[in-house]
Amino acid sequence: MKWNGKEEIEDMLLPLRPTVSVLPTEFGSATNKPLFLYRKPAYCFSIREPSPSFKSSLHCYCIKEEITDNPTEGFSALSSDIPWERGSIWSTMAIYMFNLHIPLGIGGLSIVAYLWHRPVLDPQTEALSLLVIQILELTGALLLLRTTAKPEHKLMSFFKSKKERNWVLASAVGFGSLVLLVFLTSLLADVLVEAKGVNNPILKEILHSSNISKTACVFVYCLITPLLEETIYRGFLLTSLASTMNWQKAVFVSSAAFSAAHFSGENFLQLFIIGWVLGCCYCWSGNLSSSIAIHSLYNAMILIVTFVS
């Protein structure tokens, strides 16, 4: 009996060829991500070797590679395991916007003026009222994120990735980049449109009214507001979006939401750039402390420029 090695090997390899099948749609949509079979496949093949006694032995060789499908690898240190359900991202944002941000952050001072029966608040009252309003909004935001999170997650673990990098370095590079970009966009705006004063006259009046007003402004702009906005737009929104799409798109969407939430059309581009820099620094460091530090330093710089100009 003559052994034909080539034909026997082909006959044995034929049933072992990999096949591709299509999974039901619900498997892919459950995580809002495409599902890939064998991104780095394992290959198996067998060879039948002849022997003088016409007995054969089967040798199997397998080459396996790890299957990795993590869209946040590389630049971003954010984890795909988030404390909140992916399907409730925008509903949670809607609750925050319509129940906390718009009533308090946008209309809070008007409510205070109505309660005090004054058409216009004096600078010191306005500064202190703004401090109380921002504290209330921050407290409400933290309670909202706590109640909508999965039970096994603790509040302090919300905004720290397992893969953290040097957040101090991220803060230094981010703050320098932010100042440069804002300066360049301001120059470009002055060239394209009529130059405007960079100072807020209302804020300047508050800063020059009394020491109490100055202290209240420092707390609001350098502590409470950075904590509030970074918690919502980077800690919650960006982290959640980065688990459903690549980090670049997540930074873009969260920056647009951050800019739109200020309801300032003329400052939309500059606010978007600020949100983009803060988002990139948070993605790289994996620690919300970096974006909070940059935000605080930037607001402090604005307060100093406004006060001394």
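Source: prediction; values computed, not measured. Here, residue 1 is the first one in the sequence, and each next residue gets the next number. Side chains are part of it too, since the values below use all heavy atoms of this structure and drop only hydrogens, waters and symmetry mates.
- In this structure, Thr239 contributes its side chain and Phe236 its backbone to no donor-acceptor pair below 3.5 Å.
- Under the 3.5 Å distance criterion, the side-chain polar atoms of Ser259 are left unmatched by any main-chain donor or acceptor of Ala256.
- Contact check for Leu278 versus Glu229: no side-chain heavy atoms found under the 4.5 Å cut-off.
- The OG atom of Ser291 sits 11.5 Å away from the CG atom of Leu178 when rounded to the nearest 0.5 Å.
- How far OG of Ser285 is from CG of Leu169: 9.5 Å, rounded to the nearest 0.5 Å.
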Walk me through it: do Leu303 and Leu203 pass the test side chain to side chain contact (heavy atoms under 4.5 Å, CB included)?
CA-CA 8 Å; Leu303 286 179; Leu203 178 60; 3.9 Å; yes

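- By the 4.5 Å side-chain criterion applied to Ile, Leu, Val, Met, Phe, Trp and Tyr, Trp167 is assigned to a cluster that also includes Val168.
- Chaining together hydrophobic side chains whose heavy atoms lie under 4.5 Å apart places Leu180 alongside Phe183, Leu184, Leu187.
- Applying the ring-ring contact (aromatic ring centres under 6.0 Å, His included) criterion to Tyr96, with sequence neighbours excluded, gives His101.
- Hydrophobic clustering keeps Trp116 apart from Ile212 (ILVMFWY residues linked when any side-chain heavy atoms are closer than 4.5 Å, directly or through intermediates).
- Ring pair Phe272/Phe252 is perpendicular by interplanar angle, where above 60° counts as perpendicular and below 30° as parallel.
- In the hydrophobic clustering of this structure, Phe258 groups with Ile102; members are Ile, Leu, Val, Met, Phe, Trp, Tyr whose side-chain heavy atoms approach within less than 4.5 Å, directly or through other members.
- Residues Ile302 and Thr306 come closest through the heavy atom pair O-OG1, 2.7 Å.
- In this structure, the side chain of Trp84 does not engage the main chain of Ile89 through any donor-acceptor pair within 3.5 Å.
- Linking ILVMFWY residues whenever their side-chain heavy atoms come closer than 4.5 Å, directly or via other members, places Val253 and Leu238 in the same cluster.
- The minimum heavy-atom distance linking Ala127 with Ile206 is given by the pair CB-CG2, 3.7 Å.
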Determine, stepwise, if the pair Ser309 / Lys204 fulfils side chain to side chain contact (heavy atoms under 4.5 Å, CB included).
CA-CA 9 Å; Ser309 61; Lys204 187 172 184 176; 4.1 Å; yes

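- Around the CZ atom of Phe268, the shell of radius 6.0 Å holds more than 12 heavy atoms that belong to other residues, nucleotides or ligands.
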Check against side chain to side chain contact (heavy atoms under 4.5 Å, CB included), Leu109 and Ser129:
CA-CA 7 Å; Leu109 290 177; Ser129 300; 3.9 Å; yes

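- Using modelled atom types, one side-chain atom of Thr225 and one backbone atom of Val220 make a donor-acceptor pair closer than 3.5 Å.
- In summary, the side chains of Ser88 and Ser91 do not present any donor paired with an acceptor at a separation below 3.5 Å, with no hydrogens or angles considered.
- Minimum interatomic distance between Leu121 and Ala113 (heavy atoms only, all atoms of both residues): CD2-CA, 3.9 Å.
- The two residues Arg86 and Ser243 make their nearest non-hydrogen contact at NE-OG, 3.3 Å.
- Checked by atom type, the side-chain pair Ser79/Asp81 shows no donor-acceptor distance below 3.5 Å.
- In this structure a side-chain-to-backbone donor-acceptor pair under 3.5 Å is present from Asp122 to Thr125.
- Note on Ile202: it does not cluster hydrophobically with Phe263, by side-chain heavy-atom contacts below 4.5 Å among ILVMFWY residues.
- For Glu85 and Thr92, the side-chain atoms include no donor-acceptor pair closer than 3.5 Å.
- Here CD of Glu126 is found 8.5 Å from SG of Cys217. Values are rounded to the nearest 0.5 Å.
- Residues Phe219 and Gln134 fail the side-chain proximity criterion, which asks for heavy atoms closer than 4.5 Å.
- Side-chain contact between Ile133 and Val112 is present, with heavy atoms from C-beta onward closer than 4.5 Å.
- Side-chain contact between Met301 and Leu297 is absent, with no heavy atoms from C-beta onward closer than 4.5 Å.
- Taking 4.5 Å as the limit, some side-chain heavy atom of Met93 sits within range of a side-chain heavy atom of Tyr233.
- Within the model, atoms OG1 of Thr231 and CG of Leu227 stand 6.0 Å from one another, a figure rounded to the nearest 0.5 Å.
- Residue Leu138 is grouped with residue Leu288 when hydrophobic side chains (ILVMFWY) are merged at heavy-atom distances under 4.5 angstrom, including chains of intermediate members.
- Between Trp247 and Phe75, the angle of the ring planes stays under 30°, which puts this pair in the parallel group of the 30/60° scheme.
- Annotation: side chain of Pro123 is not in contact with side chain of His208 (no heavy-atom distance under 4.5 Å).
- Shortest non-hydrogen contact noted between Ala242 and Leu78 is CB-CD1, 3.9 Å.
- Interatomic distance, OH of Tyr282 versus CD of Glu230, reported as 10.0 Å (0.5 Å rounding).
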Given Leu241 and Trp90, is the side chain to side chain contact (heavy atoms under 4.5 Å, CB included) satisfied, shown in steps?
CA-CA 10 Å; Leu241 292 176; Trp90 292 111; 4.1 Å; yes

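- Closest approach of Lys249 to Met245, counting heavy atoms only: CB-SD, 3.5 Å.
- No donor-acceptor pair closer than 3.5 Å links the side chain of Asn287 to the backbone N or O of Ser290.
- Residue-environment remark: CG (Leu115) exceeds the threshold of 12 foreign heavy atoms within 6.0 Å.
- With hydrogens and angles ignored, the 3.5 Å screen pairs a side-chain donor or acceptor of Ser255 with a backbone N or O of Trp276.
- Here the CG atom belonging to Leu228 is positioned 4.5 Å from the CD atom belonging to Glu137, to the nearest 0.5 angstrom.
- In terms of modelled atom types and a separation under 3.5 Å, the side chain of Ser296 and the main chain of Cys222 share a donor-acceptor contact.
- Side-chain contact between Lys150 and Pro83: absent, with no pair of heavy atoms (C-beta onward) separated by less than 4.5 Å.
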